[in-house]
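One-based numbering, in listed order, for ligands and for the atoms of each. Residues: numbered from 1 along the sequence shown.
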Amino acid sequence: MDSCTGLSEAQIEQTVFTNNQGVYGPTIAEHTIAMMMSLARGLPSYQHAQANNQWNRGLSATASRFGELQGKTVLIVGLGGIGKQIAWRAHGLGMRVIATRNSSRQGPDYVDYVGLADELHKLAGEASVIINALPLTPKTTGLFDKDFFTDAKTGAIFLSIGRGKSTVTADLIAALESGQIYAAGLDVTDPEPLPTSSPLWNMSNVIITPHASGASRESIQRSAMVTVENFRRYVAGEALLNVVNMQAGY
Ligand SMILES: NC(=O)c1ccc[n+]([C@@H]2O[C@H](COP(=O)([O-])OP(=O)(O)OC[C@H]3O[C@@H](n4cnc5c(N)ncnc54)[C@H](OP(=O)(O)O)[C@@H]3O)[C@@H](O)[C@H]2O)c1
């Protein structure tokens, strides 16, 4: 919906906007968990050694420094359609799951604690893995900045699958370079495409995928089903699915 930013009041008033809320949940959640497990086990280092035909057991000391995910806390920032799918899987891995929402403290029973947006920094101090699953709104733009990374638990993994502009890229790079952030998995970046000159490309503790975490046959099928169902409802004069709150921006 962030691409609709800048529409006039008149354009918004005369139009009902719908989106793909929740449609990508299972696919992006699997992608996010894959990045989390890969970074926790240091797989990028082994992948690099493999590309050079190297059997390097010495890598294991540094590659497994993060330790087991089981028993650690994961903070899901944005417990929506995608966030809940990630939460369910993380809970299944034996992690303590905490989250933030915009409008309510309600959450499913596999989430141990749901806080509001203003608790973000406090909760980030508790979490070994932090996941951006937010929509891009004026409130979430630049949210993951220097102050945020300073307040985050030292040595946390940061994963971003919401929108790139929620993260201040230079501040994330600084946090990775200082070791404040242990590793990052980025499906979304600012800007996109990420420039070839970005230092993120060459960091051994960073996984970058090109805004592709939602790509799957199943996502396409769900998206098509929502679209067709909304056409049917529109013609029948029924309430549409996934109507966007244009005031909130998502
Ligand atoms: N990487 C990709 O390829 C890809 C694909 C699809 C979507 N996305 C991004 O992922 C976003 C989330 O998708 P979704 O389907 O999960 O949407 P959603 O169901 O609308 O969930 C958004 C969640 O974010 C929460 N939220 C909003 N502002 C917040 C704030 N300031 N602090 C804390 N929580 C806040 C909402 O809280 P409430 O529940 O209280 O309203 C809601 O739980 C999308 O908006 C899109 O930008 C990325």
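- Residue contacts with ligand 1 for V23 are absent, since no atom lies close enough (heavy atoms, distance under 4.0 Å).
- Between I207 and S38 there is a side-chain heavy-atom pair separated by less than 4.5 Å.
- Judged by distance alone, the side chain of N242 and the main-chain N or O of T18 form no donor-acceptor pair under 3.5 Å.
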Could you walk me through whether R222 and E218 satisfy the salt bridge (Lys or Arg N to Asp or Glu O under 4.0 Å) test, starting with their C-alpha distance in whole Å, then the side-chain angles of each, then the deciding distance to 0.1 Å, before giving a yes or no? CA-CA 6 Å; R222 280 191 293 270; E218 292 85 352; over 6 Å; no
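- The shortest N/O to N/O separation between G83 and ligand 1 does not fall below 3.5 Å.
- Nearest-heavy-atom check against atom 40 (O) of ligand 1 across S103, P135, G78 picks out S103.
- Ligand 1 lies out of reach of V77, whose nearest heavy atom is not under 4.0 Å from it.
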Would you be so kind as to tabulate the donor-acceptor pairs closer than 3.5 Å made by side chains of residues 68-80, with sequence neighbours excluded?
unit_1 : atom_1 : unit_2 : atom_2 : d
K72    : NZ     : F66    : O      : 3.2
K72    : NZ     : E68    : O      : 2.7
T73    : OG1    : R96    : NH1    : 3.3

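- Taking every non-hydrogen atom of D187 and a distance limit under 4.0 Å, the qualifying atoms of ligand 1 come out as 1 (N), 2 (C), 3 (O).
- Listed by number with element, the atoms of ligand 1 under 4.0 angstrom from any heavy atom of G22 are 15 (O).
- Annotation: G81 places an N or O atom under 3.5 Å from an N or O atom of ligand 1; distance criterion only.
- When I82, T27, L120, V188 are ranked by how near their heavy atoms come to atom 10 (O) of ligand 1, first place goes to I82.
- Of the N or O atoms in K139, none lie within a sub-3.5 Å distance of an N or O in ligand 1.
- Close N/O approach between N20 and ligand 1 is not found [any backbone or side-chain N/O within under 3.5 Å].
- Atoms of ligand 1 found under 4.0 Å from any heavy atom of I28, numbered from 1 in the order shown, are 2 (C), 4 (C), 5 (C), 6 (C).
- Against a heavy-atom cut-off of under 4.0 Å, G162 is close to the following atoms of ligand 1: 8 (N), 9 (C), 10 (O), 47 (O), 48 (C).
- Annotation: side chain of S60 is in contact with side chain of Y46 (closest heavy-atom distance under 4.5 Å).
- Contacts with ligand 1 closer than 4.0 Å are made by backbone heavy atoms (N, CA, C, O) of A133 only, the side chain lying farther away.
- Only one option out of I181, L200, V168, V206 pairs with I173 in a side chain to side chain contact (heavy atoms under 4.5 Å, CB included); it is L200.
- For ligand 1, the atoms lying closer than 4.0 Å to a non-hydrogen atom of S213 are 1 (N), 2 (C), 3 (O).
- Under the 4.5 Å side-chain criterion, counting only non-hydrogen atoms from C-beta, I130 is in contact with F148.
- Assignment of T137 to the shell around ligand 1 is not supported, since no heavy atom sits closer than 4.0 Å.
- With ligand atoms numbered from 1 in the order given, ligand 1 contributes 20 (O), 27 (C), 36 (C), 37 (O), 38 (P), 41 (O) to contacts under 4.0 Å with heavy atoms of Y250.
- In this structure, a donor-acceptor pair under 3.5 Å is present between the side chains of D187 and T209.
- Y113 and E119 are linked by a side-chain donor-acceptor pair at a separation below 3.5 angstrom, with hydrogens and angles left out of the test.
- In summary, the atoms of ligand 1 found under 4.0 Å from a heavy atom of L134, numbered by their order in the structure, are 11 (C), 26 (N), 29 (C), 30 (C), 32 (N), 33 (C), 34 (N), 35 (C), 47 (O).
- In the candidate list K165, R101, R163, Q106, R101 is nearest to atom 34 (N) of ligand 1, counting heavy atoms.
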Which atom pairs, one a donor and one an acceptor, fall under 3.5 Å between side chains of residues 151-158 and the rest of the protein, sequence neighbours left out?
unit_1 : atom_1 : unit_2 : atom_2 : d
D151   : OD2    : H121   : ND1    : 2.7
K153   : NZ     : S128   : OG     : 3.3
T154   : OG1    : Q180   : OE1    : 3.2

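- The shortest side-chain heavy-atom distance between M203 and E177 falls under the 4.5 Å cut-off.
- Side chains of M36 and I86 form no contact here, defined as non-hydrogen atoms less than 4.5 Å apart.
- Around atom 26 (N) of ligand 1, the closest heavy atom drawn from T209, N102, L79 belongs to N102.
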